[in-house]
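Notes to accompany the following structure.
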Amino acid sequence: MSERTQTRSPIIVADNLEKTFFRGRGRKAVQIPAVKPLSLTVEPGEFIGFLGPNGAGKSTTIKMLIGILEPSGGTVHVDGLIPAKHRVHLALRLGVVFGQRTQLWWDLPLLESYRLLKVMYRVNEADYRRQMETLVELLDLSSFWHTPVRQLSLGQRMRGELAAALLHRPKILVLDEPTIGLDVTAKSDVRRFLLRENRERRTTIVLTTHDMSDVEELCTRIVVINQGIKMFDGTVNHLEERTGALSALHVTFQTTPLWDAINLPGIEHLSSDDDRSVLLHYNRRQFTPPQILEQIREAGRIEDFRMEEPRLELIMRTLYEGDGRLGE
Amino acid sequence: MGILSGLRLYTAMARTTLQSRAIYRANFGLSLVFNSIMVTAELIVTLLLVHRVHGILGWNTAQVMLLFGMATTSGGTYRTFLSELSYFDKYLVNGEFDAVLTRPVPAWLAVAGRSVDPDQIGLVIEGMAIVAVSGTILGIFRLDAWLVIGELLAAVVSGTLIWMAMVTALAALGFWTTRVDTLQPMVLYGPQTAATFPLSVYPTDIRMLFYSIFPVAFGTYLPAMVILRKGPGAVMVLVSLFAAAAALALALRFWRFAVRHYTSTGT
């Protein structure tokens with residue numbers, strides 16, 4: 001990646017970007033730092049995932065990048081423009097999708113929204129036709145082309161939103177939780193489309209999500225934000241190296257176990273659904289599942305156990321619950 | 001953004017808004033009837049009041065009726081074009097404004113584009129009817145009919161611009177306070193109702209407010225004085241137009257300042 005983009009200048013440069021909100025008035029006003037000085041450089045063509053728990057500052061950061069919010073401190077340049085200052089101009093080069101909020105006209109068929117967007121984004125007739133044809137085919141929009149948006153399923157609507165965001169062939173696509181609420185098929189449709197957009201058209205994509213499989217399948221790079229601080233910036237593999245190869249084992253005992261016997265060094269006892277089962281986190285490089293089962297035998301008779309798969313999810317949880325010890 | 005491309009954009013947005021409103025077409029007739037009942041009731045109360053005190057400081061019942069008609073017409077025109085801005089706080093509360101700001105369109109224009117509301121045209125028609133009736137009673141069209149009609153049109157334009165300015169400024173306040181709906185009766189409807197009476201009935205300091213912070217005088221009272229030949233020369237119609245345009249420009253400036261203080265909402 002770095003070799004390919006070396007000669008190009010970065011498309012997003014944030015330098016000590018900061019946002020503080022004020023709650024209340026006068027002397028009672030409370031400062032709430034939503035994003036603490038955060039620096040970030042994104043090269044053209046990157047697919048970058050913003051991760052963090054609710055309220056971590058992901059959306060606030062994104063909103064500063066697209067000019068919705070004015071930073072309290074620091075600077076940001078997106079494609080050479082200052083977002084809050086050149087918002088209208090920058091918007092012509094951006095595609096934005098908010099997963100939780102539609103950007104389409106609720107009572108009208110998709111077609112009508114696109115016709116208006118064509119005027120808004122100053123797309124000429126020929127480009128509009130060509131791009132629309134491609135999008136209709138790739139996102140399979142034709143079957144609900146004439147249906148009012150409010151009658152579409154969430155999956156159909158999201159495909160419609162993506163087409164709306166890409167009609168003017170933006171350089172940068174910003175997606176705030178695009179897969180939220182989608183079923184498995186719809187999710188994979190959306191992901192396949194995004195990958196193609198990124199790999200074939202080299203569109204820079206910035207994504208926030210809570211779905212770790214989004215990140216594993218799509219992102220070339222992840223940025224983890226917690227409490228307004230950037231805690232990690234790198235590839236998924238890189239993150240795994242830093243946090244250790246985390247795995248989880250879910251064990252159910254026949255009767256309530258002796259909890260003290262489960263307190264083993266190097267194994268984190270995370271949670272229990274009831275008084276008979278326990279979720280254990282361990283480092284794959286340190287232990288194997290049989291070793292662990294052997295060690296906790298003292299606690300009681302084991303009825304059942306299973307491995308928990310989503311690795312990144314675990315890593316994230318460790319990061320969020322930690323104190324930033326993985327920070328750079 | 002140039003005026004021409006802004007206008008093109010506005011037309012496209014307004015067209016889409018109209019299309020989406022057309023789905024609820026049944027509302028049109030209903031709000032027409034509802035509006036006309038409201039306006040008529042308000043007119044009757046006003047006229048009864050004036051009639052009982054045998055005119056207000058040299059303004060007879062028909063003259064007050066003309067004033068009322070002018071205020072109703074410009075109020076209706078503003079509502080037809082900028083209705084959403086009166087409820088703008090909803091954009092801020094539910095975060096809809098985020099979506100507005102992702103578009104390559106100045107925010108005010110984008111909100112205006114969603115604001116076209118043909119249901120309000122009824123108000124304009126009723127206002128014009130009241131002006132026509134009272135004007136005929138007063139005989140203002142007998143001499144220089146075209147000049148008077150021109151003056152009336154100019155007055156409606158200034159009245160509409162004043163409304164737009166005030167509602168824009170109020171909406172902009174919404175970026176700092178969520179209590180816009182409680183302010184609205186005081187700073188918007190209060191002055192507008194006040195303007196349906198000859199401003200000479202108010203004490204000087206209050207009257208001054210209507211020439212400055214709440215400049216409703218330029219929308220009704222001042223042009224009406226010209227039309228009724230009560231002293232000010234025709235040039236005051238132009239002065240009113242200019243003042244109204246300046247008020248809107250100022251309000252838009254305040255709006256742009258406010259947008260930069262937008263804090264969005266959490267998700």
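This structure is a prediction, so every number in the text was calculated from the model and none was measured. In the text below, chain A, chain B and the rest are named by the order of the sequence lines, each starting its count at 1. Just so you know, these numbers use all the heavy atoms, side chains as well, and skip hydrogens, waters and symmetry mates.
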Q) For the atom pair NZ (A/K19) and OG1 (B/T263), what is the distance rounded to the nearest 0.5 Å? A) 7.5 Å
Q. Highest number of heavy-atom pairs under 4.5 Å with chain B: which of A/V96, A/L108, A/L117?
A. A/L108
Q: Report yes or no: does B/R260 contribute a side-chain atom to a donor-acceptor pair with the main-chain N or O of A/K85 at less than 3.5 Å?
A: no
Q) Would you find more than 12 non-hydrogen atoms of other residues, nucleotides or ligands less than 6.0 Å from B/F242 atom CZ? A) no
Q | B/T102 OG1 to A/R101 CZ distance, which is reported to the nearest 0.5 Å | A | 10.5 Å
Q. For B/F97, does the CZ atom have more than 12 heavy-atom neighbours from other residues, nucleotides or ligands under 6.0 Å away?
A. yes
Q | Distance, nearest 0.5 Å, that separates CD1 of A/I68 from CG of B/L101 | A | 5.5 Å
Q) Would one find more than 12 heavy atoms of other residues, nucleotides or ligands at under 6.0 Å from atom CZ of B/F34? A) no
Q | More than 12 heavy atoms from other groups under 6.0 Å of CD on A/E70 | A | yes
Q: Against chain B, work out which of A/F22, A/Y121, A/F21 has the most heavy-atom pairs shorter than 4.5 Å and name it.
A: A/Y121
Q. A/R93 versus chain B, heavy atoms under 4.5 Å apart: side chain, backbone, both or neither?
A. neither
Q.
On a heavy-atom basis, which atom in B/P104 and which in A/L92 lie closest, and how many Å separate them?
A. CB-CD2, 3.5 Å
Q: Compare every heavy atom of B/V105 with every heavy atom of A/R87, then report the nearest pair and how far apart it is.
A: NH2-O, 3.2 Å
Q. Within a reach of under 6.0 Å around CZ of A/R201, are more than 12 heavy atoms found that belong to other residues, nucleotides or ligands?
A. yes
Q. Considering residues at least two apart in sequence or located in another chain, which fulfil the side chain to side chain donor-acceptor pair (under 3.5 Å) criterion with B/W108?
A. B/T168
Q: Measure distances from B/A107 to the heavy atoms of chain A and classify the residue's part below 4.5 Å as side chain, backbone, both or neither.
A: both
Q: Look up atom CZ in B/R114 and atom CH2 in A/W105, then write down how far apart they are to the nearest 0.5 Å.
A: 5.5 Å
Q: Could you grab the distance from atom CD of A/Q103 to atom CG of B/D98, nearest 0.5 Å is fine?
A: 9.0 Å
